[in-house]
Student: 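Structure incoming, see below.
No experiment lies behind these values; they were computed from the predicted model shown.
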Amino acid sequence: MPTLSADTERLLTEFAGKPDVTTDQVDNLRKAIANSPALATQVDSAIAAGHLQRFELLPADSSVGGEYDGGAKTISLPASSLSTPAGDRHDAAELTFVLGHELQHGFNDAATERAYKQFDSDIADIAARDSTHDYTQAIGTLLAANRRDEASANIEGWNALVGMVKTANPDATLEDVYNASTRAEEFVRVQPGPPMTYAAHPDLTLNADLSMTATAANIEGMGKHYYDEGVSSRLGPNGNSDYQNYYATDAIGRACKEEAKNPAPDGISRMSVNMAQLGLQESLLEQNGLSLGKGTPPRQPYFDTSTSPSTLHYFDHTEGTYAHVPITAQAQPHPCRPKRRLRRWRVATTVPCTIRSAARWQSWMPPTAAASTPPVND
């Protein structure tokens with residue numbers, strides 16, 4: 001087995017000394033890093049840059065495949081992914097991919113932090129306006145940053161996997177990489193035979209050694225095959241959310257909080273979001289656990305501008321229940337548009353709205369996702 005750097009061995013030694021960590025788990029983690037040159041280099045670079053300071057075990061009830069904590073500079077992994085099953089062999093490919101993915105979240109952390117700071121500034125400006133408070137563009141810009149982060153992280157997961165496969169077989173083909181992990185389906189398409197052929201998706205470009213460079217085109221293609229189509233639809237507490245709605249749960253919560261700081265004098269909510277344009281569903285947002293804060297009314301009114309006329313809806317507090325609260329609201333005109341013979345629906349003044357927050361980036365296990373950045377489930 002290749003020799004690891006002194007810094008990596010130091011982190012492994014510290015991990016081995018933690019409660020409930022077994023020798024088998026440490027050995028499997030060491031092998032995963034050592035058997036992929038790309039991953040070993042990534043670990044060394046992350047340590048040198050200060051992005052990685054320790055490994056941890058995830059709680060036993062966690063349903064994710066890995067988690068990066070940007071505040072603690074920690075990668076946490078489930079015991080199941082590190083342990084060798086009785087009578088079976090350890091899934092090194094899955095662990096290798098997840099490590100590569102989570103490490104890249106560390107390298108992306110500064111850019112993601114900037115995106116959230118800009119978002120917070122933008123929504124504060126929007127909430128202070130006298131006219132309608134349309135959060136659509138600000139939310140869309142933030143979600144685009146989330147999408148780029150996830151896509152580039154997934155590319156590095158692929159590179160780690162390719163490194164593992166080619167270490168075992170220097171002449172490995174794309175078929176070999178495809179057969180090594182179900183994760184490869186997000187990168188490779190198979191054409192039925194005979195003979196069966198394997199090729200990268202048309203919007204992805206591989207290098208001669210089968211690795212992938214995080215170009216703008218590859219990030220966009222990976223956004224489609226991973227963020228939009230891959231693990232998407234299996235995220236969140238109920239395992240039914242896509243990435244867009246998972247990330248938007250936090251964004252909507254932040255916007256609600258700004259609304260609470262700037263209540264409408266006439267009591268009519270000025271908050272509006274074009275839900276269809278953003279690809280959002282109120283039901284999924286609430287099933288992801290939308291928090292309106294403690295000791296506040298459990299409802300935030302808003303106008304969905306994707307309908308004509310705009311439609312009154314409510315974001316309901318669902319943290320802890322993770323269940324959609326269906327409310328049928330009569331279609332109402334937008335607060336800043338003519339009444340058109342429809343009487344405006346007067347709603348309660350907006351209430352504080354917050355969402356769970358932590359600088360953590362998570363990878364969801366297939367097939368089943370600084371205080372300024374939300375949890376990310378990959």
Student: Examine F107 and I219 and state if one hydrophobic cluster contains both, with Ile, Leu, Val, Met, Phe, Trp and Tyr joined whenever side-chain heavy atoms are less than 4.5 Å apart.
Tutor: no
Student: Compare every heavy atom of P78 with every heavy atom of G66, then report the nearest pair and how far apart it is.
Tutor: N-CD, 4.3 Å
Student: On a heavy-atom basis, which atom in A93 and which in S181 lie closest, and how many Å separate them?
Tutor: CB-CB, 4.1 Å
Student: Does any non-hydrogen side-chain atom of V190 lie less than 4.5 Å from one of Y178?
Tutor: yes
Student: Would R254 and F119 count as a side chain to side chain contact (heavy atoms under 4.5 Å, CB included) if you check the C-alpha gap in whole Å, the side-chain angles of each, and the deciding distance to 0.1 Å?
Tutor: CA-CA 9 Å; R254 291 172 185 244; F119 176 71; 3.9 Å; yes
Student: Where do N159 and S211 land on the side-chain hydrogen bond (donor to acceptor under 3.5 Å, both in side chains) test, with the steps shown first?
Tutor: CA-CA 5 Å; N159 289 335; S211 67; 4.6 Å; no
Student: Is it the case that T84 and N28 place a side-chain donor and acceptor less than 3.5 Å from each other?
Tutor: yes
Student: For Q118, check side chain to side chain donor-acceptor pair (under 3.5 Å) against everything at least two apart and list the hits.
Tutor: D122
Student: How far does CG of L206 sit from OG1 of T213, to the nearest 0.5 angstrom?
Tutor: 9.5 Å
Student: Heavy atoms only: give me the nearest G163-P37 pair and the separation to one decimal.
Tutor: O-CD, 3.7 Å
Student: Got a salt bridge between E220 and K224, using NZ or NE/NH1/NH2 to carboxylate O under 4.0 Å?
Tutor: no
Student: State whether a side-chain donor-acceptor pair under 3.5 Å links T74 with E56.
Tutor: no
Student: To the closest 0.5 Å, what do you measure between CZ (R129) and CG (N262)?
Tutor: 11.5 Å
Student: D134: which residues meet the side chain to side chain donor-acceptor pair (under 3.5 Å) condition with it, sequence neighbours left out?
Tutor: T136
Student: Any chance CG of N207 has more than 12 other-residue heavy atoms, nucleotides or ligands included, within less than 6.0 Å?
Tutor: yes
Student: Examine F303 together with H313 and report whether their ring centres are nearer than 6.0 Å.
Tutor: no
Student: Might you point out which heavy atoms bring A115 and A145 nearest each other, and give the distance in Å?
Tutor: CB-CB, 3.8 Å
Student: Apply side chain to side chain contact (heavy atoms under 4.5 Å, CB included) to the pair N240 and Q287, showing each step before the final yes or no.
Tutor: CA-CA 9 Å; N240 65 339; Q287 288 176 65; 2.7 Å; yes
Student: Testing the 3.5 Å rule here: is there a donor-acceptor pair between the side chains of Y247 and E150?
Tutor: yes
Student: Find the distance between CE (M222) and CZ (R147) and round it off to the nearest 0.5 Å.
Tutor: 10.0 Å
Student: Identify which one of T305, D304, L278 satisfies the side chain to side chain contact (heavy atoms under 4.5 Å, CB included) criterion when paired with V273.
Tutor: L278
Student: Are L284 and Y135 co-members of a hydrophobic cluster defined by side-chain heavy atoms under 4.5 Å apart?
Tutor: no
Student: Evaluate the side chain to side chain contact (heavy atoms under 4.5 Å, CB included) criterion for residues E9 and R30: first the C-alpha distance (whole Å), next the side-chain angles of each, then the deciding distance (0.1 Å), finally the verdict.
Tutor: CA-CA 8 Å; E9 285 292 354; R30 177 179 284 106; 3.0 Å; yes
Student: Checking D44 against S5: is there a side-chain donor and acceptor pair closer than 3.5 Å?
Tutor: yes
Student: Looking at side-chain heavy atoms only, is the closest gap between E286 and V325 below 4.5 Å?
Tutor: yes
Student: According to a 4.5 Å side-chain heavy-atom criterion applied to Ile, Leu, Val, Met, Phe, Trp and Tyr, with indirect links allowed, do V162 and L174 form part of one hydrophobic cluster?
Tutor: yes
Student: Can you measure from CG (L235) to CG (N238) and round to the nearest 0.5 angstrom?
Tutor: 11.5 Å
Student: Quick one: closest heavy-atom pair of I155 and A214, and the distance?
Tutor: CD1-CA, 4.0 Å
Student: Between F187 and H225, is the ring pair (Phe, Tyr, Trp, His ring centres under 6.0 Å) condition met? List the steps.
Tutor: CA-CA 7 Å; F187 300 81; H225 294 289; 8.7 Å; no
Student: Show the numbers, then the answer: is there a side chain to side chain contact (heavy atoms under 4.5 Å, CB included) between R54 and I75?
Tutor: CA-CA 7 Å; R54 61 186 63 85; I75 286 182; over 6 Å; no
Student: With side chains defined as the heavy atoms from C-beta onward, is the minimum distance between P301 and L312 less than 4.5 Å?
Tutor: yes
Student: Would you say H317 and R299 make side-chain contact, with heavy atoms under 4.5 Å?
Tutor: no
Student: Any Lys/Arg nitrogen of R183 or E94 sitting under 4.0 Å from an Asp/Glu carboxylate oxygen of the other?
Tutor: yes
Student: Starting from L29, can I reach L57 by hopping between I/L/V/M/F/W/Y residues whose side chains sit under 4.5 Å apart?
Tutor: yes
Student: Would you check, one step at a time, whether the test side-chain hydrogen bond (donor to acceptor under 3.5 Å, both in side chains) holds for N108 with Q104?
Tutor: CA-CA 6 Å; N108 294 346; Q104 187 58 36; 2.9 Å; yes
Student: Supply the atom-to-atom distance T141 OG1 to N146 CG, rounded to the nearest 0.5 angstrom.
Tutor: 11.0 Å
Student: Is the shortest heavy-atom distance from the side chain of L52 to the side chain of K73 under 4.5 Å?
Tutor: no
Student: Can you confirm if the aromatic rings of Y226 and H101 lie within a centre distance of less than 6.0 Å?
Tutor: yes
Student: Going through the distances and angles, do E14 and R10 end up as a salt bridge (charged side-chain N to carboxylate O under 4.0 Å, His left out)?
Tutor: CA-CA 6 Å; E14 293 174 358; R10 173 176 55 79; 3.7 Å; yes
Student: Roughly how far, to the nearest 0.5 Å, is the CD atom of E102 from the CG atom of L77?
Tutor: 8.0 Å
Student: Quick one: do Y227 and E186 satisfy side-chain hydrogen bond (donor to acceptor under 3.5 Å, both in side chains)? Show the steps, please.
Tutor: CA-CA 10 Å; Y227 185 101; E186 295 156 5; over 6 Å; no
Student: Looking just at side-chain N and O atoms, do E229 and Y243 make a donor-acceptor pair shorter than 3.5 Å?
Tutor: no
Student: Any luck finding a side-chain donor-acceptor pair between H51 and D109 under 3.5 Å?
Tutor: no
Student: Is the number of heavy atoms from other residues, nucleotides or ligands within 6.0 Å of CD (Q137) greater than 12?
Tutor: no
Student: Evaluate the side-chain hydrogen bond (donor to acceptor under 3.5 Å, both in side chains) criterion for residues D176 and N179: first the C-alpha distance (whole Å), next the side-chain angles of each, then the deciding distance (0.1 Å), finally the verdict.
Tutor: CA-CA 5 Å; D176 295 321; N179 291 331; 5.3 Å; no
Student: Run the ring-centre check on F315 versus Y302 and record whether the distance is less than 6.0 Å.
Tutor: yes
Student: Within the 4.5 Å heavy-atom criterion, are T215 and T205 side-chain neighbours or not?
Tutor: no
Student: Check whether the side chains of N245 and Q281 place a donor and an acceptor atom closer than 3.5 Å, and report yes or no.
Tutor: no
Student: Do the non-hydrogen side-chain atoms of E258 and I126 ever get within less than 4.5 Å of each other?
Tutor: no
Student: Specify the closest pair of heavy atoms between N288 and S241, including all atoms of both residues, with the distance to one decimal.
Tutor: ND2-OG, 3.0 Å
Student: Are V26 and T13 side-chain neighbours, meaning at least one heavy-atom pair lies under 4.5 Å?
Tutor: no
Student: Under the side chain to side chain donor-acceptor pair (under 3.5 Å) rule, collect the residues that match up with D91, sequence neighbours excluded.
Tutor: none
Student: Do L103 and L12 share a hydrophobic cluster (ILVMFWY, side-chain heavy atoms under 4.5 Å, transitive)?
Tutor: yes
